[in-house]
Amino acid sequence: MEEKYLIRITDSRNWLFPTNGYNSDGSISEEQRTIVMPEGMDRRYCFTDSLMRKSEDTGRPVMLHEHHSGYETFFVESESMYFYINGKKTLVEAGKIIHMQPYEAHGFVFNGDVQFRGTFHDWNCADDSYATSALEAHYPDAKKDSKFFSLLCSNIDLHMRGYADCEEVPNEEVPNVKDPEKPMARFELDGAVMKMITARWENGGKKEIWRIEMEPGFYARWDEYPTVQDLFYVTEGKVKFKVYDTEFTAEKDCLVKIPKYAPRSFVVTERAAMYDVGGITRWYGLLQDFTALKKYDPQNAGQDAYDEMRKKFACHIKSWGRR
């Protein structure tokens, strides 16, 4: 880790417990590495980076699986794949995001080697990562053993279903596919645009994920002692952070993980985009209410009103704008 709070995803020194998945013929299907382990009662903040190898052509339909707890959000960062879910099949290309809730039977066919980055909550998917990595180091063929694979599935709440019988449809007919160019909600700030990617009601009320597209000079400053941890995923541009007295610049393929109570701020130095992966702030409620207040009662839409709304919607950012 170059700085205490900065994690470069592509730097192998930051890969926790690297492990592989395998096809039926023993070839590698997935190169997986945990980047951030889950934390807290909601198993929040977990982040993984996988290279999903091009799917083998078995000549059989796709086998689906489901989870009985937990929420998955994946950023598709390269190539394309066919995504099967809830009786539908759709082509998902790089730049899109997919989101799944419990009991949604799903499967994938990867058209190339797909960079597949995931964040999860309320799921124990990463709990076995240390153990499986250690097992592979001692017994390289363990994951190719069907008996062990069955044990692994039961431990990570992975339940096999039947073969896919899905109708091919465009992305617009699959609510699980999220397009940053067509967000669920969009709010313009001075120097930034906030886009809601997944809503709180899609995450069991626990979190929401937003994409923030920012112009140079846009800044944000937090309370003196924020009582939440933050996790940001930077996908474009450069953002200069300050945490305590440490300054560092996050850019494409970086995570920024900031512990609770740490004073923090940032300023954008090159047009940037990043995701709020922690998702604690109820941004939709805050931005919706404050925008309406500024429109219908502008004389009362000052800092005091904003501060009251911040408390209501669990927001620890006390000011933002453009320099």
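This chain uses plain numbering: 1 for the first residue, then up along the sequence.
- Between R13 and D11 there is a salt bridge, with a side-chain nitrogen of the basic residue lying less than 4.0 Å from a carboxylate oxygen of the acidic one.
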Ring pair (Phe, Tyr, Trp, His ring centres under 6.0 Å) between Y275 and F75: does it pass, once the steps are laid out? CA-CA 10 Å; Y275 292 87; F75 301 88; 4.8 Å; yes
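- With hydrogens and angles disregarded, a donor-acceptor distance shorter than 3.5 Å links the side chain of N124 to the backbone of N155.
- A donor-acceptor pair is defined here as one N or O able to donate and one able to accept, closer than 3.5 Å; such a pair exists between the side chain of T281 and the backbone of A314.
- Formation of a donor-acceptor pair under 3.5 Å by the D223 side chain with backbone atoms of P226 is not found in this model.
- Across every non-hydrogen atom of K88 and C166, the tightest pair is C-CB, 3.6 Å.
- Residues M52 and I85 share a single hydrophobic cluster, defined by chaining ILVMFWY side chains whose heavy atoms lie under 4.5 Å apart.
- Rounding to the nearest 0.5 angstrom, the gap separating the OG atom in S29 from the CZ atom in F110 is 8.5 Å.
- Shown here for S129 and M37, the closest heavy-atom pair between the two residues is OG-SD, 3.8 Å.
- Rounded to the nearest 0.5 angstrom, T48 OG1 and I9 CD1 are separated by 9.5 Å.
- In this structure, K143 is not positioned above the aromatic face of Y22 in the sense of NZ or CZ being under 6.0 Å from the six-membered ring centre and within 45° of the axis.
- Not counting sequence neighbours, the partners of E66 by the side chain to side chain donor-acceptor pair (under 3.5 Å) test are H68, R161.
- A distance-only check finds a donor-acceptor pair linking the side chain of E136 to the backbone of N20 [under 3.5 Å].
- Inspection of the Q299 and D297 side chains reveals an N or O donor paired with an N or O acceptor under 3.5 Å.
- Taking CG from N111 and NZ from K54, the interatomic distance works out to 7.5 Å, rounded to the nearest 0.5 Å.
- Y71 and V177 are assigned to two separate hydrophobic clusters, defined by single-linkage of ILVMFWY side chains at heavy-atom distances under 4.5 Å.
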Just list the side-chain donor-acceptor pairs under 3.5 Å for residues 186-197, sequence neighbours left out, or say none.
unit_1: R186; atom_1: NH1; unit_2: E188; atom_2: OE2; d: 2.9
unit_1: K195; atom_1: NZ; unit_2: P180; atom_2: O; d: 3.1
unit_1: K195; atom_1: NZ; unit_2: E213; atom_2: OE1; d: 3.3
unit_1: K195; atom_1: NZ; unit_2: E213; atom_2: OE2; d: 3.0

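- Look at D42 and K207 and you find no salt bridge, because none of the NZ, NE, NH1 or NH2 atoms lies under 4.0 Å from a carboxylate O.
- S78 places a side-chain N or O within 3.5 Å of a backbone atom of Q115 that can act as its donor or acceptor partner.
- Atom CE of residue M309 and atom CZ of residue F290 lie 6.5 Å apart, to the nearest 0.5 angstrom.
- Within the 4.5 Å cutoff, side-chain heavy atoms of I212 are placed close to those of M214.
- Side-chain contact between V268 and Y219 is absent, with no heavy atoms from C-beta onward closer than 4.5 Å.
- A donor-acceptor distance shorter than 3.5 angstrom exists from the side chain of R200 to the backbone of K206, with no hydrogens or angles considered.
- In terms of hydrophobic clustering, with Ile, Leu, Val, Met, Phe, Trp and Tyr side chains grouped at heavy-atom distances under 4.5 Å, L64 and V174 are assigned to different clusters.
- Considering Y306, W222, F266 in turn, Y306 is the only one that fulfils the ring pair (Phe, Tyr, Trp, His ring centres under 6.0 Å) rule with W320.
- Side-chain contact between F17 and T132 is absent, with no heavy-atom pair separated by less than 4.5 Å.
- At a threshold of 4.0 Å, the pair R53-E31 counts as salt-bridged, since one of the basic side-chain nitrogens sits closer than that to a carboxylate oxygen.
- Contact check for W201 versus Y284: side-chain heavy atoms found under the 4.5 Å cut-off.
- N171 and T90 are linked by a side-chain donor-acceptor pair at a separation below 3.5 angstrom, with hydrogens and angles left out of the test.
- Scanning both residues, I156 and H67, for their nearest heavy atoms gives O-ND1, 4.4 Å.
- Between F248 and L6, the shortest heavy-atom contact is CD1-CB, 3.9 Å.
- Salt-bridge check for E77 with K252: failed, with every basic side-chain N at 4.0 Å or more from each acidic carboxylate O.
- Here Y244 and Y261 keep their ring centres 6.0 angstrom or further from each other.
- With sequence neighbours left out, E215 forms a salt bridge (charged side-chain N to carboxylate O under 4.0 Å, His left out) with R271.
- Partners of F313 by ring pair (Phe, Tyr, Trp, His ring centres under 6.0 Å), not counting sequence neighbours: none found.
- A donor-acceptor pair shorter than 3.5 Å cannot be found between the side chains of K178 and T73.
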What's the verdict on salt bridge (Lys or Arg N to Asp or Glu O under 4.0 Å) for K240 and E247, showing C-alpha distance, side-chain angles and the deciding distance? CA-CA 7 Å; K240 185 177 181 180; E247 293 186 339; 3.7 Å; yes
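- In the model, T227 has a side-chain atom that pairs as donor or acceptor with a side-chain atom of H316 under 3.5 Å.
- Using modelled atom types, no side-chain atom of S133 and backbone atom of T19 make a donor-acceptor pair closer than 3.5 Å.
- The side chain to side chain donor-acceptor pair (under 3.5 Å) search around D127 returns R43, not counting sequence neighbours.
- With hydrogens and angles left out, the side-chain atoms of N23 and S27 include a donor and acceptor closer than 3.5 Å.
- Counting only heavy atoms from C-beta outward, the side chains of V36 and V277 never approach each other to under 4.5 Å.
- For the pair Y163/M63, a side-chain contact is recorded, criterion being any heavy-atom separation below 4.5 Å from C-beta on.
- Judged as a salt bridge (charged side-chain N to carboxylate O under 4.0 Å, His left out), the pairs with a partner in residues 103-118 (not counting sequence neighbours) are, in order, D49-R117, R117-D253.
- No donor-acceptor pair closer than 3.5 Å links the side chain of S80 to the backbone N or O of E93.
- Distance alone, capped at 3.5 Å, places no donor-acceptor pair between the S69 side chain and the W123 backbone.
- Centroid-to-centroid, the aromatic rings of F47 and Y233 come within less than 6.0 Å.
- A distance-only check finds a donor-acceptor pair linking the side chain of Q303 to the backbone of K318 [under 3.5 Å].
- Across Y45 and L231, no two heavy atoms sit closer than the pair O-CD2, 3.3 Å.
- Looking at R211 and I97, their side chains never come closer than 4.5 Å, going by heavy atoms from C-beta outward.
- Residue-environment remark: NZ (K238) stays at or below the threshold of 12 foreign heavy atoms within 6.0 Å.
- By the criterion of side-chain heavy atoms lying less than 4.5 angstrom apart, applied directly or through intervening Ile, Leu, Val, Met, Phe, Trp or Tyr residues, W283 is grouped together with V234 in one hydrophobic cluster.
- Among the candidates H99, H159, H65, the single residue satisfying the ring pair (Phe, Tyr, Trp, His ring centres under 6.0 Å) test with H106 is H65.
- Salt-bridge formation is detected for the pair R8/E251: a Lys NZ or Arg NE/NH1/NH2 atom is positioned less than 4.0 Å from an Asp or Glu carboxylate oxygen.
- There is no path of hydrophobic side-chain contacts, each under 4.5 Å, that joins Y84 to V114.
- F116 has its ring centre less than 6.0 Å from the ring centre of F108.
- Separating the CE atom in M41 from the CG atom in D122 is a distance of 9.5 Å, to the nearest 0.5 Å.
- Scanning all heavy atoms of the two residues, the minimum distance from R310 to I317 falls at CD-O, 2.9 Å.
- Counting heavy atoms from C-beta outward, E208 and M184 have side chains that stay 4.5 Å or more apart.
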